[in-house]
Amino acid sequence: MVHRFSTRLLNVCIGSLFKAHKLEKAESVIINGIRLGVLPDVVTYNISIDAYCCFGIDAGYAILHQMREADVTLDIISYNSLIASTTRNHQIDRSFDLFDEMIQRGIAPDVWSYNILMHDLFKLGKPDLANRIFKDIIIADYSPSIATFNIMMNGLCKNGYTNNAFMLFRNLQHHGFVPELLTYNILVSGLCKIGRLRSARRVLKEIVESSHVPNAITYTTLLKCFFRKKKSEERIELLLEMKSKRYTFDGFAYCTVIGALIKIGKVKQVTEFMVDMTEIGIELDIVSYNTLINFYCKTGESEKAYKLLDEIEKKGLECDKYTHTIMIDGLCRAGNIKGAAQHLKYMNMMGFDSNLVAYNCLVDGLCKVVQIDDAIKVYKSMEVRDSFTYSFLVYSLCRDKRYHFVAKLLLSCLRSGMKILKSAQRAVLLCLRYSGFPGEAKRLKSKIRIARILNH
DNA sequence: ATAGGGTTAG
């Protein structure tokens, strides 16, 4: 009895140590426990799996081996934790292997396992398969949890079936299903994504009527949608509503609002919100810093931007690829192309997973100061390109009257299956037509058509 | 475990 109590105490202890990211401390507590005769049980190991999975599946999987060596029997929770972490670690394909392995070991999946599996299938863009599992759960009466329904509705929304999600929601309600705030937020987000603002607003009303209190997530989702839709009156109305309920106005909301206001050039309002944010005492994270640095880059206050960079370092935060990209874009805007190129080099040295946007900013910057040959040089050195890269180049090549080169570039872009703005395509055709090459324009047009058909 | 935030063109 004493023993069991000690192990429970051990578990509580290492649980909070892991939560505080004190891995080594947790490890030493486990080892000391063993020395004192307090043996870890399956719960101890499951907590460890959860903690180690943030370093990848293999780190979590290693705990399974430890369990086998310690002769502790794996249970369904061990596997569910592992399978759930495949989604977070972008290794969804491995979740199916783990599922097989689990069944082979004679561990029967529970509702959680099926929930995770559904979620993975939706994430992989396979709503049909997810739907089949959902039906199985219902038919076999696996006692679906509220998460089952939430995952189902969210997955439908994310895969372009928002209307079906809504139908499911009404159907469930009809059968006595009581939605939680999360359920409502999923629907609001789904409706916003397909631009059905009015329905989204109606759901907001329903939330209040059902005596739930909408939270910051509800509001930021709606607000982002309003900003995208350029509905200025509703935007202001909603902003006021958000501000009047201060407690729902968190760092996420501030970043959304400030980011959107920067985009539409409302400098004065941005400043007000920035003052507000610091007065409320919101702890700035790297995303907030990026937002603020972007603001100072856009207003040309580079000293302030650099000051924030110092602050990031002092706080022990780490600049991410967004910070660097924003700086590169800012340097270009300030006319310091050399500095931007240097910063990009530095960024490459640091080894970020993607520097495509930063390259695009440099190409755009070079185009804007009409150093088109340099822009082409950078373009040629890029390993990955997207429609932005091509758009920047196409427009400035047209302006520079390099018709044949731009025609070639446009075709290679389309042939590689890349989408490019229709207006950029039109620009090239118009250029050719009105510069004495109507025949060439015609030929290019049919080539574009063929490339489009081949890509479909 | 399932909902929300930051960069690039037009």
Side-chain angles (χ1 to χ4, degrees), chain A residues 50 53 80-81 83-88 95 111-120 122-123 145-158 179-193 203 214-225 227 248 250-260 262-263 282 284-295 297-298 320-330 332-333 354-365 367-368 386-396 420-424 426-427:
Chain A
D50 258 340
C53 274
N80 281 347
S81 295
I83 296 172
S85 79
T86 61
T87 329
R88 286 195 300 272
S95 67
V111 187
W112 270 51
S113 325
Y114 286 114
N115 286 350
I116 296 162
L117 201 60
M118 271 169 52
H119 181 224
D120 285 349
F122 274 126
K123 272 226 151 156
S145 60
I146 188 157
T148 315
F149 298 120
N150 287 342
I151 289 170
M152 191 64 196
M153 284 183 262
N154 184 44
L156 285 170
C157 287
K158 291 284 146 65
E180 50 186 1
L181 183 61
L182 176 57
T183 322
Y184 283 116
N185 281 349
I186 286 169
L187 290 171
V188 168
S189 152
L191 290 167
C192 281
K193 278 213 172 87
V203 174
N215 60 9
I217 296 177
T218 326
Y219 280 111
T220 30
T221 311
L222 274 166
L223 197 66
K224 202 188 163 197
C225 187
F227 271 108
T248 62
D250 66 355
F252 279 51
Y254 272 107
C255 285
T256 314
V257 172
I258 292 173
I262 292 172
K263 249 183 210 147
I282 285 171
L284 298 181
D285 64 354
I286 190 65
V287 178
S288 326
Y289 275 114
N290 288 344
T291 311
L292 299 184
I293 291 173
N294 184 38
F295 175 68
C297 283
K298 293 275 155 65
D320 60 6
K321 65 177 174 188
Y322 288 98
T323 326
H324 295 301
T325 307
I326 289 165
M327 283 309 291
I328 289 165
D329 184 50
C332 284
R333 278 168 200 273
S354 162
N355 48 16
L356 175 60
V357 181
Y359 266 106
N360 282 345
C361 290
L362 185 60
V363 169
D364 184 36
C367 285
K368 279 200 178 114
D386 67 0
S387 65
F388 282 97
T389 330
Y390 285 100
S391 295
F392 293 133
L393 278 171
V394 161
Y395 279 114
S396 64
I420 189 162
L421 288 179
K422 281 271 159 60
S423 61
R426 264 200 305 277

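Numbers restart at 1 for each chain; the letters A, B, ... are given by sequence-line order, proteins then strands.
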Whole-Å distance separating the CG atom of A:Leu393 from the P atom of B:dT8
18 Å
Establish whether the base of B:dG4 is bridged to the side chain of A:Asn215 by a donor-acceptor pair shorter than 3.5 Å.
no
Students often get this wrong, so: under 4.0 angstrom with heavy atoms, is A:Asp120 touching a base, only sugar-phosphate, or nothing?
nothing
Scan A:Asp320 against the nucleic acid and name what it touches under 4.0 Å (heavy atoms): base, sugar-phosphate only, or nothing.
base
Would you state whether a donor and an acceptor, one from the side chain of A:Asn115 and one from the base of B:dA1, lie under 3.5 Å apart?
yes
Remember a base hit wins even if backbone is also touched, and classify A:Leu182 as base, sugar-phosphate or nothing at under 4.0 Å, heavy atoms.
base
Have a look at A:Asn360 and say if it touches a base, only the backbone sugar-phosphate, or nothing, with a 4.0 Å heavy-atom cut-off.
base
Just checking A:Ile293: base, sugar-phosphate only, or nothing, at a heavy-atom cut-off of under 4.0 Å?
nothing
What is the distance from CE of A:Met153 to P of B:dT2, rounded to the nearest Å?
16 Å
Categorize A:Lys123 for me: base, sugar-phosphate, or nothing, with a 4.0 angstrom heavy-atom threshold over every strand shown.
nothing
Reckon A:Lys224 touches a base, only the sugar-phosphate, or nothing at all at heavy-atom distances under 4.0 Å?
sugar-phosphate
For A:Lys422, which contact category applies under a 4.0 Å heavy-atom criterion: base, sugar-phosphate, or nothing?
nothing
What is the distance from OH of A:Tyr114 to C1' of B:dT2, rounded to the nearest Å?
19 Å
Closest to the A:Val357 side chain, choosing from B:dA9, B:dT7, B:dG4
B:dT7
Just to be sure I understand the rule, does A:Phe392 reach a base, reach only the sugar-phosphate, or reach nothing, if contact means heavy atoms closer than 4.0 Å?
sugar-phosphate
Just by distance, no angles: are the side chains of A:Thr323 and A:Asp320 close enough, under 3.5 Å, to form a donor-acceptor pair?
yes
Name the closest nucleotide to the A:Ile151 side chain, picking from B:dA1, B:dG4, B:dT7.
B:dA1
